[in-house]
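What follows is a set of notes on a single structure, which appears directly below.
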Amino acid sequence: MNGPFKVLALGGDHIGPEVVASGLEVLRQAANQFDVAVDIGEDLLGGASWDVHGTFCTDAVVAKARAADAILVGAVGGPEWDDIRIDRPITETDGLTRLRIELDVYNALRPVRAWSALLPQTPYRPEVVEGADLLVVRENSGGIYYGEPRGREVLNDGQVRAFEISEYRTAEIERIARCAFEAARGRRGYVTSLDKSNVMESGKLWRETVARIGHDEYPDIELNHLLMDYALFAVARAPRDFDILLADNLFGDLISDLIAVVSGSLGMLPSATLPAAARVGHPVKGGLYEPTHGSAPDISGRGIANPIGAILSVAMMFEHGFGHLHAARAIERAVDNVLSAGLLPPDLGGVASTASITQSVLSGLRPNT
Ligand code: NAD
Ligand code: MN
């Protein structure tokens, strides 16, 4: 028996709780089947927390998250809360951002693969995309989203000037570069680092630092650098040519949504955001696991949200949070089988409900079925 592992589940808003419920069913069954002990607690985040506590993330949730081995998050936000403007830092106006900063989760891993059954849902010809399997390693706690100073000012001529700063320190780049190289050792050993070193100072430091870490510490890994604009074209054109895409916070945000096209729907994508590098066989405590989609208010409450991004996030939790590869691969296989059987939710052109997809994944997980 492994564990017990403490899991904190934070559904969030709209379809967040719907897909987290599916993820938890899969978590319980896989834990049971692979003899992993889990102790699951649940709490509120985002608008759901605001409505009860008047804050988007309570101190109690931060404390529970710090004590947890892994945190499963749905998604937060919705039009109900868009107009709540507190004149305070982003950590107090966005519960998920507060959690990310408090946990110092800087290593965002976003895998994307082409699922054979979903090739017709992509805009690609099968021979271009079949077998594509990419991992974006995104720096998630620095860069232009957090650089100081930032703000607005009114200029003498009456115009408004709004600004932020793109900044990186050597140590921030070194640690995320190591995350990408470590991940490469568990995959095909090929890292492509993205930057705009032709025009940005932070991009120059990014490129030279990644190159140095690669050369000094990971000579076994093949490293290439691409300018970000050309990379968007190259990755979109031939996604199979790439394995790991290493990028800063902004560029990683952009490239992850672009390559989501490879998997057929935003509802398919999982993520793990960790406070350390993921090494095969070394569980990382305190990671956030969440589907990359938002709270989809347009379809909430109808039982049709695609739960696969959340279910695959649970697979990532088994791999990175519990160090249990077998369970992770079994969940991924069960998902693959459900898709191959043609059971598809509306975002993938089918009519299957959240519940029926979840039940099929559960029965696919059971041995001898
Ligand atoms: P979204 O991802 O919620 O939705 C975009 C489109 O994709 C919608 O048409 C939606 O129905 C569909 N979609 C998304 N996930 C789906 C799923 N699992 N199954 C089926 N269809 C799915 O993005 P948005 O509309 O830009 O944002 C909606 C709200 O979510 C906003 O309040 C936004 O701030 C928030 N948001 C939260 C997160 C997060 O919590 N991590 C991320 C992005 C957006
Ligand atoms: Mn984004």
Side-chain angles (χ1 to χ4, degrees), residues 9-23 44-51 56-57 61 71-85 90 93-101 103 105 108-110 112 118 121 136 138-140 143-145 245 247-261 263-273 288-314 335 338-339 343-358 361:
L10 303 167
D13 304 314
H14 290 286
I15 67 164
E18 302 175 30
V19 298
V20 160
S22 297
L44 304 173
L45 188 70
S49 171
W50 176 273
D51 290 348
F56 291 103
C57 177
V61 163
I71 302 118
L72 181 64
V73 178
V76 297
E80 306 90 310
W81 304 283
D82 278 351
D83 291 334
I84 300 170
R85 294 265 177 270
I90 176 106
T93 57
D94 184 311
L96 193 51
T97 303
R98 173 168 186 206
L99 210 51
R100 287 180 176 145
I101 290 174
L103 295 173
V105 285
L109 303 174
R110 297 174 157 208
V112 177
L118 301 185
Q121 307 301 326
V136 173
R138 167 185 173 191
E139 200 291 321
N140 211 63
I144 196 163
Y145 292 167
L245 300 168
D248 75 5
N249 206 342
L250 172 62
F251 295 152
D253 194 0
L254 304 184
I255 196 97
S256 351
D257 277 33
L258 177 89
I259 64 168
V261 176
S263 74
S265 166
L266 270 178
M268 292 295 297
L269 299 192
S271 76
T273 315
L288 282 181
Y289 299 84
E290 47 177 324
T292 64
H293 61 73
S295 62
D298 54 332
I299 59 160
S300 77
R302 292 165 53 195
I304 56 167
N306 183 349
I308 295 178
I311 290 171
L312 293 172
S313 299
V314 166
V335 166
V338 168
L339 298 173
L343 195 67
L344 304 179
D347 56 307
L348 288 166
V351 295
S353 65
T354 310
S356 65
I357 291 170
T358 308
V361 171

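All ligand and atom numbering here is 1-based and tracks the order in the structure.
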Min heavy-atom dist Val19 to ligand 1 below 4.0 Å: no

Gly78: numbered ligand 1 atoms lying under 4.0 Å from its heavy atoms: 32 (O)

Protein contact of atom 12 (C) of ligand 1 - nearest heavy atom, named by residue and atom, plus distance: Ala296 CB, 4.4 Å

Exam field: side chain Ser295 to backbone Gly77, donor-acceptor pair closer than 3.5 Å: yes

Atom 6 (C) of ligand 1 touched by protein heavy atom at under 4.0 Å: no

Per-residue contact class, Val76 against ligand 1 - non-hydrogen pairs under 4.0 Å: both

Atom 36 (N) of ligand 1 protein-contacted (non-hydrogen atom, under 4.0 angstrom): yes

Contact summary for Pro307 and Ile357, nearest pair of heavy atoms: CG-CG2, 3.9 Å

Proximity of Glu290 to ligand 1 by residue part, where a heavy atom lies under 4.0 Å: side chain

Nearest protein heavy atom under 4.0 Å from atom 25 (O) of ligand 1, yes or no: no

Proximity to ligand 1 by part of Pro297, non-hydrogen separation under 4.0 Å: side chain

Check: Glu290 main-chain N/O paired with Ser271 side-chain donor or acceptor under 3.5 Å: yes

Steps toward side chain to side chain contact (heavy atoms under 4.5 Å, CB included) verdict (Ile71, Leu103): CA-CA 11 Å; Ile71 302 118; Leu103 295 173; 3.7 Å; yes

Distance (rounded to the nearest 0.5 Å) between Phe56 CZ and Asp51 CG: 8.5 Å

Heteroatom proximity flag, Arg100 to ligand 1, N/O under 3.5 Å: no

Side chain to side chain contact (heavy atoms under 4.5 Å, CB included) assessment of Leu269 paired with His293: CA-CA 7 Å; Leu269 299 192; His293 61 73; over 6 Å; no

Ala75 neighbourhood, listing ligand 1 atoms whose heavy-atom distance to it stays under 4.0 Å: 40 (O)

Donor-acceptor contact below 3.5 Å, side chain Arg98 vs main chain Cys57: yes

Closest non-hydrogen atom pair, Asp94 against Leu96: OD1-N, 2.9 Å

Mode of Ile15 contact toward ligand 1 - side chain, backbone, both, neither (heavy atoms, under 4.0 Å): side chain

Heavy-atom check, side chain of Leu72 versus side chain of Leu10, under 4.5 Å: no

Which segment of Val73 sits under 4.0 Å of ligand 1 when only heavy atoms are counted: neither

Donor-acceptor under 3.5 Å (Thr354 side chain, Gly303 main chain): yes

Nitrogen or oxygen atoms of Gly267 and ligand 1 under 3.5 Å apart: no

Heavy-atom proximity to atom 21 (N) of ligand 1, best of Thr354, Ile299, Asn306, Leu288: Ile299

Heavy-atom closest contact (Ser265 atom, Asp347 atom, distance): OG-OD2, 2.6 Å

Non-hydrogen atoms of Gly46 and Val76 that approach each other most closely: CA-CG1, 3.8 Å

Pro79, Gly74, Gly294, Ser295: member with heavy atom nearest to atom 31 (C) of ligand 1: Ser295

Flag: protein heavy atom within less than 4.0 Å of atom 19 (N) of ligand 1: yes

Minimum-distance pair of heavy atoms, taken over all atoms of Gly349 and Gln121: N-OE1, 4.2 Å

Shortest protein heavy-atom distance from atom 8 (C) of ligand 1, along with the residue and atom involved: Asp298 OD2, 3.4 Å

N/O donor-acceptor pair under 3.5 Å between Asp13 side chain and Ala48 backbone: yes

Metal environment of the Mn ion (ligand 2), protein N/O/S under 2.8 Å: Asp253 OD1

Ligand 1 atoms in contact with Leu96 (distance to a heavy atom under 4.0 Å): 39 (C), 40 (O), 41 (N)

Close N or O approach (His293, ligand 1; < 3.5 Å): yes

Arg138 and Ile255: CA distance, side-chain angles, deciding distance, side chain to side chain contact (heavy atoms under 4.5 Å, CB included) verdict: CA-CA 9 Å; Arg138 167 185 173 191; Ile255 196 97; over 6 Å; no

Within-cutoff protein neighbour (heavy atom, under 4.0 Å) for atom 42 (C) of ligand 1: yes

Geometric class of the Trp81/His14 ring pair [parallel <30°, tilted 30-60°, perpendicular >60°]: perpendicular

